Amino acid sequence: MRENRINTKYIKVNPEFPEAGPLEEGGRVLRRGGLVAFPTETVYGLGANVLDGRAVAKIFEAKGRPPDNPLIVHVAGREALDGLVKGIPRAAEELMDAFWPGPLTIILQACEKVPSRVTAGLDTVAVRMPSHPVALGLIRAAGVPVAAPSANTSGRPSPTNARHVLNDLDGRIDIVLDGGPAGVGVESTVLDLAGPEPLVLRPGGITPEELKKILGAVGVDPAVRPGFKGEGGPRSPGMKYTHYAPRARLLVVEGGEEAVAAKIVDLAGKYRAEGRRVGILSYRDSMDFSPVGEVVPAGCRANPETVAAELYAALRRFDEMGVDLILAEGVEDRGVGMAVMDRLRKAAGGRIIYV
Ligand code: TXA
Ligand code: MG
């Protein structure tokens, strides 16, 4: 952890029509090698100038991020990919036509000049054009591509508002631009187009079903499947760490809705009898668990988009409440629900109960 704290400047900005002043100030700080947190349509990002190795190193320091976990390069337009990637395959062009700007990150062969701190020494680079007006305006104002992981302490749930960013990084970054809540709530889909066939390395805001419409076929990295212990590890280095995790131990219960509810009631009773404070992560259209635990709802399970939007804030809420243990109801593993379940299973560090 960095000893010498810096003064983090908090600036409110209009999310739809961002004012020029804050964008220019953020852009200037990025150009000079500083760190700026900003909203995107997925989660808040922590930006640095891609071309400035020292600035990129500060990201790893501020987050406590392992150096072997590469960063996503954010651009404000396709022309900025010149000099970052070796070529844009036809499939990538078509995906960009369909989903950029938006929550799709594409992995392509990297040019040599992309600093190895960004790629963690891989010969590929992850690129994405976000759709949030503040993100786009900031990157344009900076005039350079912006490396940006999620703006949280490594291992904690990603930030979906500026308060989450300050809780983790106040005193370690130069500016946070507060553009209100991020939209999707879970990170972008990471799609590898540098290998023999298109492969989803991280499910996210764009679903495999949507990708299939453009690509025909798309694989999903086995590391994304529940319970993966795997040979060789995941292809996306970031997927191997415990992630997205609140401080309390989290247990995910998956299966039919009624069996899951019964199991949660049963477990909550058992843990409370041991004198533990039990949190329950459920949904507004679930049964009322309040008699057996401290409930935080994350959206409606019938609408996985609403669950994604509220998931990380709910996990952080349990930390504020100070529960000892969280029991989480699984949701259907479909559409953006796939990203939700991926994050929940990872937050649980593999503690999944099937009923
Ligand atoms: O929605 C998002 O993608 C957010 C916002 C801020 O844009 N960013 C984000 O970044 O989630 P981060 O650093 O938290 O996650 C990046 C993921 C990691 O799992 C990393 O390992 C993977 O992308 N990644 C980056 N470059 C890669 C590469 N060349 N090959 C494979 N995986 C890569
Ligand atoms: Mg992250």
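We count ligands from 1, going down the list as the structure has it; atoms in each ligand are counted the same way. Only heavy atoms go into these numbers, but all of them, side chains included; no hydrogens, no water, no symmetry mates. All of these numbers come straight from a predicted model, not from anything done at the bench.
- The closest side-chain donor-acceptor pair between T306 and R284, if any, does not fall under 3.5 angstrom.
- If you number the atoms of ligand 1 from 1 as listed, the ones under 4.0 Å from a heavy atom of L201 come out as 31 (C).
- Summarising the contacts of atom 1 (O) of ligand 1 with T119, T42, V43, the nearest heavy atom is found in T42.
- At under 3.5 Å, not a single nitrogen or oxygen of T40, backbone or side chain, sits near a nitrogen or oxygen of ligand 1.
- Note: no N/O pair closer than 3.5 Å links E187 and ligand 1 by distance alone.
- Not a single N, O or S atom of Y244, from either the backbone or the side chain, sits less than 2.8 Å from the Mg ion (ligand 2).
- The contact set between ligand 1 and R128, taken as ligand atoms under 4.0 Å from a residue heavy atom, comprises 1 (O), 2 (C), 3 (O), 5 (C), 7 (O).
- Listed by chain and residue number, nothing satisfies the salt bridge (charged side-chain N to carboxylate O under 4.0 Å, His left out) test with R249 (two or more places apart in sequence, or in another chain).
- Closest to atom 15 (O) of ligand 1 by heavy atom, among K63, R202, Q109, is R202.
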Mind listing the side-chain donor-acceptor pairs of residues 35-50 below 3.5 Å, one per line with the distance, residues two or more places apart or on another chain?
{"unit_1": "T40", "atom_1": "OG1", "unit_2": "T42", "atom_2": "N", "d": "3.0"}
{"unit_1": "T40", "atom_1": "OG1", "unit_2": "T42", "atom_2": "OG1", "d": "2.8"}
{"unit_1": "T40", "atom_1": "OG1", "unit_2": "V43", "atom_2": "N", "d": "3.4"}
{"unit_1": "T40", "atom_1": "OG1", "unit_2": "V43", "atom_2": "O", "d": "2.7"}
{"unit_1": "T40", "atom_1": "OG1", "unit_2": "R128", "atom_2": "NH2", "d": "3.1"}
{"unit_1": "E41", "atom_1": "OE1", "unit_2": "S131", "atom_2": "N", "d": "3.1"}
{"unit_1": "E41", "atom_1": "OE1", "unit_2": "H132", "atom_2": "N", "d": "3.4"}
{"unit_1": "E41", "atom_1": "OE2", "unit_2": "R128", "atom_2": "NH1", "d": "2.7"}
{"unit_1": "E41", "atom_1": "OE2", "unit_2": "S131", "atom_2": "N", "d": "3.2"}
{"unit_1": "T42", "atom_1": "OG1", "unit_2": "R128", "atom_2": "NH2", "d": "3.3"}
{"unit_1": "Y44", "atom_1": "OH", "unit_2": "G179", "atom_2": "N", "d": "3.1"}
{"unit_1": "Y44", "atom_1": "OH", "unit_2": "G180", "atom_2": "N", "d": "3.3"}
{"unit_1": "Y44", "atom_1": "OH", "unit_2": "G180", "atom_2": "O", "d": "2.6"}
{"unit_1": "N49", "atom_1": "OD1", "unit_2": "L51", "atom_2": "N", "d": "2.9"}

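- Using a 4.0 Å heavy-atom cutoff, P103 is absent from the residues neighbouring ligand 1.
- No side-chain donor-acceptor contact under 3.5 Å links D192 to the backbone of L199.
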